[in-house]
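So the structure is just underneath, and the comments pick up after that.
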Amino acid sequence: MSLISWGMYPIIKNKIFSLRDAVGLAKYIENTDEFIPYGNGRSYGDSALNENILYTKTYNYFLDFDEQNGILTCQAGVLLSEILDAFVKRGWFLKVTPGTKLITVGGAIASDVHGKNHHTQGCFSECVEEFTIMLANAEIKSCKKGDELFHATCGGMGLTGVILSAKISLKKINSAFINQTTIKTKNLKETFEAFENYKDIPYSVAWIDCLAKNEEIGKCLLMVGDFANDGNLEYKSKKKLSIPFNFPSFALNSLSVKAFNWLYYAKAKDGVSKQRAGIDTFFYPLDAIENWNRIYGSGGFTQYQFILPKEHSFEGLKEILTKISDSGKGSFLAVLKLYSKENENYLSFPMEGYSLALDFKIEAGLFELLNTLDEVVVKYGGRIYLTKDVRVSKETFEKGYPQCDKFREFRREHKMDRKFSSLQSKRVKI
Amino acid sequence: MSYVLIIGAKSDIAKEVARVYAKNGYNLYLAARDSSSLEDLKHDIEIRSGADVELKEFDITSYDTHEGFYRSLKKRPIGVIVVSGYMAEQTAAQKEWIETLNTINVNYTGALSILNIVANDFEKERRGFIVGVSSVAGDRGRKANYIYGSAKAGFSAYLSGLRNRLYESGVTVLTVKPGFVNTKMTENLELPQKLTASPSEVAEDIFNAQQKGRNVLYTKSIWMLIMLIIKHIPEFMFKKMSI
């Protein structure tokens, strides 16, 4: 059996070894030329693909929970959804969660994921008190913030070793529900104003209609919210809908995307409205549809996610949205987010500014379009999110990540570059 | 709080079944050989759900210990789930009688030995549920694994009869027929991804089917269709095929 990534592109043959214990892993490391750890396969591109894959989801015991302080120790293959299943009803939630709960703790660290609260809480590494990792020489090291190994590994895309276990601190909640406010804007200027007006609210995200033209470019639904305080901690994962097969490729032409975007946008009331939403609805809307990646057809898709420094966000976004709109290659989902300051990790994605994420079906002409978008991103000092990426060039990557040479040096020094590699790491030469 | 007894608790499927039942409010008896190796799982489940988990030493092929084992449980379980399975490599089982015997003993004889005891008890109490994890391999003998398959076929027939017998007393019996499952047992096989379930999917399916009182569960459900076709291929053709 070969493993694929969430974008179902590229598809390569690989040999899988399942992580079950440290002894077995040490042997595997010794006997395997090079490999990449793989969690739940939710990274979109080729960052967890290689000919040899270490499948880590089988390594998933909860090890300890400090009920007083909300500190969980678990093995790296535990899914965030399992943490929610266990702890929401006891009044705990993840301090930082991305838009899917179907990722492993190890993956969350390796991608240093962020969520709707980056502007108030930062990345996932902020809640990691400590983790253990097996290095290229099969030695197990424990590290915490301040250690070079910590800053290379958080956001390090699995290229520094195999994360074995982590101690993460959870956030106290007094409800499993979120009071949400939805703001409908008419253009990019209004969208930016809305983000600034609501920046003290911990969670925020905007859905942008990418096919809007001219003065309507950047119109959005901004959703902001915070946990309610009603003591209702009832939480049960919803039964999932499923997309049982790959849609034929005509299913997602720009007309149907337009219809979808329009419906979504039209559904929301004008101006400002209030809702109450459950955790799954608010944080993980797409998890409700299992295998939603299949709507893009069997050729696969990619997500283009970039971030621009705040001072250039407005003009840069306008330029990129215009290019996308002109290309007619639409995106089902375009998500805009505000970020606070970047952290010290070598390869973490966030910086102070705005990021936009868009899905594209893999098709002829797409990579050319994305290359032209890259030029704009580079021009304004932005960067591309490796966890979503499947095609970025070494040059674009290097311009976006000024600490990449430190990362390379660290890998060389500890002989990690000869043991841990992915298709992506080979492409951008880290 | 009710206890569920899981027989053969060391397998990947059993581990996930245990978690699902604990998550849904059941306490657990986890029975296996060398049960102390399940300490990590016990601890894991206790942290996740707060369920009470007891590890029980149990050897499915030591038939004469089964009665005593069942009597020793401090509280009668509300349900019993037999997950034990042994899949010898087909060619090894063809050559080595001991491999064949072990396949029969674990998958068939041992399962019947413990379930006879459970069934008598549940019938008397007029409550409880029994789940037996059989296999699609039992639906038709194929050259690739007919020794394992024939033991599972026997087990499936047993469960069917047991369901028939216990119907009157309100005890439900669920036969589970997994297709390909991504486990230790199948790690080195080339399995088609779309037909292969993860142990946690299988566990969720088992829990849902058992709670609804269903009779037979194929997981993934596509296997019902696949086996329907395979079962209906005429023997004169089937004997020439390699599937």
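What you see is a predicted model, and the numbers here were worked out from it, not measured in a lab. No hydrogens, no waters, no symmetry mates; every other heavy atom, side chains included, goes into these values. In what follows, chains carry the letters A, B, and so on, assigned in the order in which the sequence lines appear, proteins first and then strands, with residues in each chain numbered from 1.
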Quiz item: Do you know which two heavy atoms are closest between B:Ser49 and A:Arg90, and how far apart they sit?
Solution: N-NH2, 3.9 Å

Quiz prompt | Contact summary for B:Thr183 and A:Arg20, nearest pair of heavy atoms | solution = C-NH2, 4.0 Å

Self-check item: Interatomic spacing from CG in B:Asp12 to OG1 in A:Thr58 - rounded to 0.5 Å
Solution: 8.0 Å

Quiz item: Which answer fits A:Leu3, side chain, backbone, both or neither, if we ask what part of it has an atom under 4.5 Å from a heavy atom of chain B?
Solution: both

Quiz prompt | Residues, nucleotides or ligands: over 12 heavy atoms within 6.0 Å of B:Arg33 CZ | solution = no

Quiz item: Counting only heavy atoms not in A:Lys141, do more than 12 fall under 6.0 Å of its NZ?
Solution: no

Quiz item: Just wondering, more than 12 heavy atoms not from A:Asp33 lying within 6.0 Å of its CG?
Solution: no

Quiz item: Are more than 12 heavy atoms from other residues, nucleotides or ligands located less than 6.0 Å from atom NZ of B:Lys95?
Solution: no

Self-check item: Residue B:Ile222 versus chain A: region with a heavy atom under 4.5 Å
Solution: neither

Self-check item: Flag if over 12 foreign heavy atoms under 6.0 Å of NZ, A:Lys167
Solution: no

Quiz item: Is chain A contacted by the side chain of B:Thr196, its backbone, both, or neither, given a heavy-atom distance below 4.5 Å?
Solution: side chain

Quiz item: Is there a side-chain contact (heavy atoms from CB on, under 4.5 Å) between B:Asp40 and A:Gln75 once you walk through the steps?
Solution: CA-CA 11 Å; B:Asp40 289 345; A:Gln75 292 179 334; 5.9 Å; no

Exercise. Flag yes if more than 12 heavy atoms outside B:Ile98 fall under 6.0 Å of its CD1 atom; otherwise flag no.
Key: no

Quiz item: What do you reckon, is CE of B:Met227 surrounded by more than 12 foreign heavy atoms closer than 6.0 Å?
Solution: yes

Quiz item: Does any non-hydrogen side-chain atom of B:Lys15 lie less than 4.5 Å from one of A:Tyr61?
Solution: yes

Quiz prompt | Smallest separation among heavy atoms of B:His43 and A:Leu63, with atom names | solution = NE2-O, 2.9 Å

Quiz prompt | Shortest non-hydrogen contact from B:Ile47 toward A:Phe87 | solution = CG2-CZ, 4.0 Å

Quiz item: Do B:Arg19 and A:Asn60 touch side chain to side chain, with heavy atoms closer than 4.5 Å?
Solution: yes

Practice problem: State whether the number of non-hydrogen atoms from other residues, nucleotides or ligands found under 6.0 Å of A:Lys13 atom NZ is greater than 12. | Solution: no

